[in-house]
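Here the structure comes first, spelled out in structure tokens, and everything after it is commentary.
Whatever order the structure lists them in is the order used to number ligands and atoms, beginning at 1. Note that this is a predicted model, so its numbers are computed, not measured.
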Amino acid sequence: MARIVITEFMDERAVDALRAKHDVLYDPKLVDDPHRMMGEAAAADVFIVRNRTQVRGELLAALARCKAVGRLGVGLDNIDVPACEKRGMKVIPATGANALSVAEYVIATAMLLLRGAYQSTDDVVAGKWPRNALSSGREIGGKTLGLVGFGSIGQLTAKLAQGMGMQVIAHDAMMPADHSAFANAKVRPVSLDALTQGSDVISLHVPLLDSTRNLFNAARIAAMKPRAVLINSARGGVVDEAALAAALKSGHLGGAALDVFDAEPVPAGGGFAGCPNLVLTPHIAGVSAESNERVSSLIAQKILEELA
Ligand SMILES: NC(=O)c1ccc[n+]([C@@H]2O[C@H](COP(=O)([O-])OP(=O)(O)OC[C@H]3O[C@@H](n4cnc5c(N)ncnc54)[C@H](O)[C@@H]3O)[C@@H](O)[C@H]2O)c1
């Protein structure tokens with residue numbers, strides 16, 4: 001029987017599946033008590049985390065007998081993967097299990113931001129009737145969506161966008177233009193510059209790496225089409241937040257949605273105050289009732305296989 005320590009929230013049914021065969025500590029608040037987490041780490045054969053637990057440095061050193069780290073999600077920037085592998089620890093992500101939640105987030109925010117008409121409830125309740133002001137919102141059908149990163153989430157987003165009548169173009173630094181994924185999805189591969197200049201909506205689906213840090217800096221944001229919309233559900237650090245806020249305030253960009261940030265939580269009183277047509281969400285694009293079940297059951301199943 002192995003000792004499994006789970007430091008952040010996991011679907012209860014998946015936790016029960018692990019409990020049926022192993023000794024499980026499930027404490028979704030453990031991540032907020034680093035001292036206790038270090039103590040529990042020492043006895044763990046398996047460690048299961050979401051994105052807040054930083055599996056590196058002292059915590060990694062404390063995981064003395066750990067054989068596997070389960071990641072309830074896909075981004076691995078909170079885990080020092082090379083160091084884990086060097087210590088013989090397998091890192092197991094929930095690849096693909098939250099892709100639909102993220103893809104739906106992209107389509108929903110793109111529609112909301114292009115149309116710009118869904119935040120009139122207070123005015124209408126107050127007896128105002130801002131019909132003229134809200135009559136020039138834009139449709140999503142016929143617009144061009146540019147996907148930066150064409151992995152599992154990028155490909156699923158393309159499919160949903162095509163269903164809404166969008167043209168989809170994509171840029172992926174690791175996939176040659178003749179990669180079958182582009183032809184299968186009927187998506188045109190383009191350079192990052194062509195994508196930047198030719199898209200009405202740009203959505204980011206790359207991991208945070210040295211090559212993607214600040215990819216959407218002030219110069220690239222300035223090269224976007226006037227009134228275009230930028231959506232970042234990938235990782236904070238890929239977009240220059242100050243440059244984005246300035247482009248919204250100047251009216252160059254037509255809107256933006258950010259689910260991920262340089263610092264999470266976002267410090268109060270930062271530069272986003274007063275930005276028009278901006279949607280900010282607390283890193284929930286990939287988290288829905290259904291995806292939580294899928295992600296949790298996939299990780300439980302993979303960990304049970306690993307321990308069999
Ligand atoms: N907000 C959320 O809740 C949430 C949920 C899930 C995933 N994510 C983020 O979304 C990212 C994408 O997820 P995925 O499952 O599609 O990953 P994936 O690994 O399937 O795809 C990522 C793609 O990015 C490409 N890429 C790498 N560097 C690039 C670069 N410099 N330029 C262009 N493309 C590049 C890779 O070749 C790959 O095809 C994850 O890394 C994660 O950080 C966020």
Looking at Asp262 and Gly237, would you say the former's side chain and the latter's main chain have a donor-acceptor pair under 3.5 Å? yes

For ligand 1, list every N/O pair with the protein closer than 3.5 Å, one pair per line with the distance.
| unit_1 | atom_1 | unit_2 | atom_2 | d |
| --- | --- | --- | --- | --- |
| ligand 1 | 1 (N) | Ser233 | O | 3.0 |
| ligand 1 | 1 (N) | Asp259 | OD2 | 2.9 |
| ligand 1 | 3 (O) | Gly286 | N | 2.9 |
| ligand 1 | 15 (O) | Ser152 | OG | 3.0 |
| ligand 1 | 16 (O) | Ser152 | N | 3.4 |
| ligand 1 | 16 (O) | Ile153 | N | 2.9 |
| ligand 1 | 20 (O) | Ser152 | N | 2.9 |
| ligand 1 | 20 (O) | Ser152 | OG | 3.3 |
| ligand 1 | 34 (N) | Ala173 | N | 3.3 |
| ligand 1 | 37 (O) | Asp172 | OD1 | 2.6 |
| ligand 1 | 37 (O) | Asp172 | OD2 | 3.4 |
| ligand 1 | 39 (O) | Asp172 | OD2 | 2.6 |
| ligand 1 | 43 (O) | Ala234 | O | 3.4 |
| ligand 1 | 43 (O) | Arg235 | NH1 | 3.4 |

Quick one: list whatever passes salt bridge (Lys or Arg N to Asp or Glu O under 4.0 Å) with Lys128, sequence neighbours left out. Asp123

Please, which pairs that meet side-chain hydrogen bond (donor to acceptor under 3.5 Å, both in side chains) have at least one residue in residues 26-48, sequence neighbours excluded? Arg3-Glu40, Asp27-Arg36, Asp32-Arg52, Asp33-Arg36, Asp45-Arg65

Ion pair check, Glu306 and Lys67, cut-off under 4.0 Å: no

Please list, chain by chain and in numerical order, all residues satisfying ring-ring contact (aromatic ring centres under 6.0 Å, His included) with Phe150, sequence neighbours excluded. Phe182

Side-chain donor/acceptor of His171 to backbone N/O of Gly146, under 3.5 Å: no

